[in-house]
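Here's the structure we're looking at; comments come further down.
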Amino acid sequence: MKARSTGGGLAAAAHAILVATVAACAAAGQPPSHCDDLTPPPGATLQPSRDLYCLYLTPRHGLEHMSGHLELRTPHTPFGIAVNAAGNHLYEGVLTLSGLPDPGALGDFEHFVAWIASPHFDTVASLGPVANGTRSIGEIGINKFMILVTAEARPDAPEWEGRLLLRASSPSARMSPPDMQEFMLGGLRTGPTEHAGTHAPAHTWPHPPMLPGLTMFPALMALNPPAATPFLPAAGAAPDPSALPVARPRDVLELADGDVVDLEAGLVRRRIRSRDYVMYGFNGQYPGPLLHVPEAATITVNFTNSIPWPTTIHWHGLRLDNASDGVPGVTQDPVEPGETFRYTVHFKDPGVYWYHPHHREDILKDLGLYGNMLVEPREPDYYAPADREEFLMLDDFLLAGDEPMPFGEERTTHAFMGRFGNLFLVNGEPDYELEVTAGEVVRLYLTNVSNTRTFNLSFAAVPRQNAGQPDAPMGAAPPMGRPRVKVIGTDIGAFEREEWVESIVLSPAERYIVHVRFDEPGDYALVNRVQGIDHLGGVFIPETDRLGTVRVAAGGGPPAAGAETSGAHTAFDTLRTNLAAAREIALYREYFDDPIDRELTFTLETSGIPYIVERLMRFDSAYFHPVEWSGTMPMMNWNSTSEEVRWIVRDPATGAENMDIGWEFEVGAVVKIRLHNERRSFHAMQHPFHIHGQRFLVLARNGVPNENLAWKDTVLLPTGTTTDILLEITNPGSWMAHCHISEHLEAGMRMLFTVK
Ligand code: C2O
Ligand code: CU
């Protein structure tokens, strides 16, 4: 990374400090902090948000010659964002100080010490001695905190006892309960709120469910329904569930090159927790059939559309022929109800993929139209050995009481944050169950098929006395410990090297391949643990959702030396470098330091949203969490449609937006793109950005180089960050790139590029 000062505009003194700072970073082996006034790297104009990722320290009165800042730097993670198993965001704190005199000049002191404290000083912890210059102060995983720098007589005081010099609070600490004016506004209940667009008859929309424990302003509870007609597949002419065939769990189709598969999208009866629902399925199954194919195979899929919507199938992540990419209006006309379409599906790269409709995904995918594809690597030991493989398609479905929350027929609802569900599904079922034997190595292929939710998955031992009770609290200290989880691959194949992780983070459409070994018999809950935000209290609320249970039966224990046939048990203990993946990626290293070729900004515009929503959301914009993990604004979110909310991807070089962006590339190009998720938008949040038909590497996040690469087709862009990717252009045609939050896609966040 090249660091250049902005030069001319700076006062000489400030410039000297900056140069000294940059020199100090270099000395400490730290790349310069983006919180310094540095120019962006060559070719780039967009920088990470300083508001979310920099804390500027305020000196005490009379000490104005001192200054400093703390960069919340993105630590290494194989995922789009670094969090711990509880869902607390993790940062590497990089502290830069300048203007500190000799400590003795400030009194009877010999050291400077930095401290981290909770906002109300319930806890204060030392970060150790500090000095002028830039240094890492280690990992920070606290939701809200303060940073202090003091002068001390001893370097190891357990609590600060000297003189306070500098302080700052974390961006998250700005979150607070609404003030009196907002409270009064929120308390007003003046009948129906103004709303743009046509009004749906109120009685047909149920109230969206509230998250347990959250309260809402009365003014929000009185919001009109969204400006769309409520749609459910059971309504109107569609049959009653009992007339439909009961859907069955998916088949695995073992396919060879040249095989032909029939896929039909149709109405099915789904039984979920002993209630029947009309939903959609491929070939009467949930999820759709799993297509298991060898690398480099090509198959033909004869698709029949038997649902009452026009649709297409998109083969997510595959570098196939453009004519089979399944994007209505771009690569084909939508397949009308009753019609058929023939897809030629080519599997160029090993990995786990999925297929889904590319028309009104917010409805059709959510109602069950999705299936996995596993491309078996040509190289036999491409992944380290495992004893068995399981496929988990992760989803959340939104119920209002016992019935599904209707969808917007003409346009999507939940246009702000996307449709968060309250019923967690794995492979279309709640209460997922897996039985394994202790000591077995299980390879999990995880695919996030939800409309908007980013998962943070981990396994937690269930204390014996609570086993079998779905709502049993998770003990803070599980008696049997947590099984070890190792990440080996993602969207398009393997990582350069395997890594241990505490939890697995997947944004919509991303896939991760992990190995997990349960050494102790017992029950383990598969949980999604995140930090949601209670906007009324201005506080974080930890949430734990249980998706299922892994029952581990006592086995023979670790196999005796030489007795093991698979080699999986032994291989699990070491972190392997994947030579095949590393060798292939190494060919692209020469491009890593190239200037940025293109940029994209992710933002939004609104019009005609209700006054109360406008006011409260502006208030909430004091802070945006890097990832909105949970749907804690259910009314405002539900009420918003693509009429009022327009999500935008913009090329800052031309000002072109969404489908007006018409980038052109030639086969063989390698393009470095900076993706910038704009913090200063009305409601900034993360976007899982997906590029069709090609593959890319994630080179850096907020300017920090990524040290373990893998080919991807979808990348999570946390709020206010920059993500630099290297896009390899290999596949001619007209391709779409878009946010994979279904409601954001529907509300405009999509673009095209052509490859010649
Ligand atoms: Cu999985 Cu264009 O999408
Ligand atoms: Cu988005």
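Computed from a predicted model, the values in this text were never measured in an experiment. Note that ligands are numbered from 1 as they come in the structure, with each ligand's atoms numbered from 1 the same way.
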Checklist outcome for this item: the Cu ion (ligand 2) -> H744, closest N, O or S atom is ND1

Item to check | Within-2.8 Å protein N/O/S contacts of atom 1 (Cu) of ligand 1 | outcome: H316 ND1, H356 NE2, H740 NE2

Next on the checklist: With carbon and hydrogen excluded and only N/O/S kept, which atom of H687 is nearest the Cu ion (ligand 2)?
Outcome noted: ND1

Item to check | With sequence neighbours excluded, residues passing side chain to side chain donor-acceptor pair (under 3.5 Å) with E361 | outcome: none

Item to check | Name, closest N/O/S atom of H692 to atom 2 (Cu) of ligand 1 | outcome: NE2

Item to check | Salt-bridge criterion met for E746 and R360 (N-O under 4.0 Å) | outcome: yes

Item to check | Contacts of type side chain to side chain contact (heavy atoms under 4.5 Å, CB included), residue P688, not counting sequence neighbours | outcome: S507, P508, T714, C739, H740, I741

For residues 660-667, which side-chain donor-acceptor pairs fall under 3.5 Å, sequence neighbours excluded?
| unit_1 | atom_1 | unit_2 | atom_2 | d |
| --- | --- | --- | --- | --- |
| W663 | NE1 | D651 | OD2 | 2.9 |

Checklist entry - Can you say whether the rings of Y512 and F495 are parallel (under 30°), tilted (30 to 60°) or perpendicular (over 60°)? => result parallel

Item to check | Verdict with reasoning, W315 to Y343, per ring-ring contact (aromatic ring centres under 6.0 Å, His included) | outcome: CA-CA 10 Å; W315 313 89; Y343 291 97; 5.6 Å; yes

Item to check | Where V755 and W735 come nearest, the two heavy atoms and their spacing | outcome: CG2-CD1, 4.0 Å

